[in-house]
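Contents: one structure, followed by commentary.
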Amino acid sequence: MSAPFEERSGVVPCGAPWGQWYQTLEEVFIEVQVPPGTRAQDIQCGLQSRHVALAVGGREILKGKLFDSTIADEGTWTLEDRKMVRIVLTKTKRDAANCWTSLLESEYAADPWVQDQMQRKLTLERFQKENPGFDFSGAEISGNYTKGGPDFSNLEK
């Protein structure tokens with residue numbers, strides 16, 4: 001199991017007019033399609049704890065208050081193949097109970113089915129982290145998985 005959990009199990013993307021976003025227990029990924037041939041110097045990207053702003057060639061693509069807080073110093077952006085900007089934000093609350101239901105406070109919300117799938121994926125990722133000897137990448141989950149699933153922390157081992 002050398003590959004990260006999300007590489008083995010896939011991601012649950014939420015589509016947006018500019019691309020998509022998805023999340024893991026620890027990070028939020030934003031993938032923005034930009035015109036082919038875009039250069040890094042054409043991109044203005046501002047990442048703060050609760051805000052994100054992205055403009056390409058002076059045209060605003062994405063701007064607003066994030067759904068929850070992130071660690072500003074750990075946020076990064078890259079231009080990939082001169083046609084996509086990938087922004088990676090590190091969540092301050094890194095547990096399965098912290099499933100973002102939208103990227104920004106008032107925009108780019110996941111529909112109920114996608115939210116459900118995201119929560120399932122984060123709960124399985126939590127199980128994987130707590131039980132490194134097992135592989136949950138292909139597992140299905142049902143029952144109590146909202147807010148990160150049941151709390152087993154006070155059970156005797």
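Numbering of residues begins at 1 and proceeds along the displayed sequence. Note that these values count all heavy atoms, side chains included, but never hydrogens, waters or copies made by symmetry.
The CD atom of Gln48 sits 11.5 Å away from the CG atom of Asp73 when rounded to the nearest 0.5 Å. Rounding to the nearest 0.5 Å places SG of Cys14 at 11.5 Å from CD1 of Ile30. Residue Asp95 holds its CG atom at 10.0 Å from OG1 of Thr123, rounded to the nearest 0.5 Å. Leu104 contributes atom CG, which lies 12.0 Å from atom NZ of Lys63 (distance to the nearest 0.5 angstrom). Interatomic distance, SG of Cys99 versus CD of Gln117, reported as 11.0 Å (0.5 Å rounding). Note that OG1 of Thr101 is 10.5 Å distant from CD of Gln119, once rounded to the nearest 0.5 Å.
Between the side chain of Thr90 and the backbone N or O of Glu27, no donor-acceptor pair lies under 3.5 Å. The main-chain N or O of Lys83 is never found under 3.5 Å from a side-chain atom of Asp81 such that the two would form a donor-acceptor pair. In terms of modelled atom types and a separation under 3.5 Å, the side chain of Glu80 and the main chain of Arg86 share no donor-acceptor contact.
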Start with the C-alpha gap between Arg50 and Thr92, add the side-chain angles, then the distance that decides, and say whether side chain to side chain contact (heavy atoms under 4.5 Å, CB included) holds.
CA-CA 10 Å; Arg50 287 296 305 260; Thr92 53; over 6 Å; no
Criterion side chain to side chain contact (heavy atoms under 4.5 Å, CB included) on Gln128 and Asp135, from CA distance to verdict
CA-CA 7 Å; Gln128 182 68 64; Asp135 182 4; 3.9 Å; yes
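Of all heavy-atom pairs spanning Trp100 and Thr70, the tightest one is CH2-CG2, 3.8 Å. Between Pro13 and Gln20 the shortest heavy-atom distance is CB-OE1, 3.2 Å. Nearest heavy-atom pair, Gln23 versus Asn98, reported as atom, atom and distance to 0.1 Å: OE1-O, 3.9 Å. The two residues Ser102 and Glu107 make their nearest non-hydrogen contact at CB-O, 3.7 Å. For the residue pair His51 and Leu66, the shortest heavy atom distance occurs at N-CD1, 3.9 Å. Residues Val34 and Val56 approach most closely at CG1-CG2, 3.7 Å, considering heavy atoms.
Between Glu26 and the choices Lys93, Lys91, Lys129, the salt bridge (charged side-chain N to carboxylate O under 4.0 Å, His left out) rule is met once, by Lys129.
In this structure, Cys45 and Val85 have side chains that are not in contact, with every pair of non-hydrogen atoms separated by 4.5 Å or more. Here the side chains of Tyr22 and Val12 are not in contact, with every heavy-atom distance at 4.5 Å or above. Between Trp21 and Ile87 there is no side-chain heavy-atom pair separated by less than 4.5 Å. Within the 4.5 Å cutoff, no side-chain heavy atoms of Gln115 are placed close to those of Met118.
Atom CZ of Arg59 is surrounded by 12 or fewer heavy atoms from other residues, nucleotides or ligands within 6.0 Å.
Linking Ile, Leu, Val, Met, Phe, Trp and Tyr whenever their side-chain heavy atoms come within less than 4.5 Å puts Trp77 and Leu89 in one cluster. Under the 4.5 Å side-chain heavy-atom criterion for ILVMFWY residues, a single connected hydrophobic cluster contains both Ile43 and Leu62. Under the 4.5 Å side-chain heavy-atom criterion for grouping Ile, Leu, Val, Met, Phe, Trp and Tyr, Leu54 is connected to Phe67 within one hydrophobic cluster. Val28 and Val114 fall within the same hydrophobic cluster, where Ile, Leu, Val, Met, Phe, Trp and Tyr residues are linked whenever their side-chain heavy atoms come under 4.5 Å apart, directly or through other members. Under a hydrophobic-cluster definition in which Ile, Leu, Val, Met, Phe, Trp and Tyr are linked whenever side-chain heavy atoms come within less than 4.5 Å, directly or via other members, Met84 and Ile61 are assigned to different clusters.
In this structure, a donor-acceptor pair under 3.5 Å is present between the side chains of Tyr108 and Trp18.
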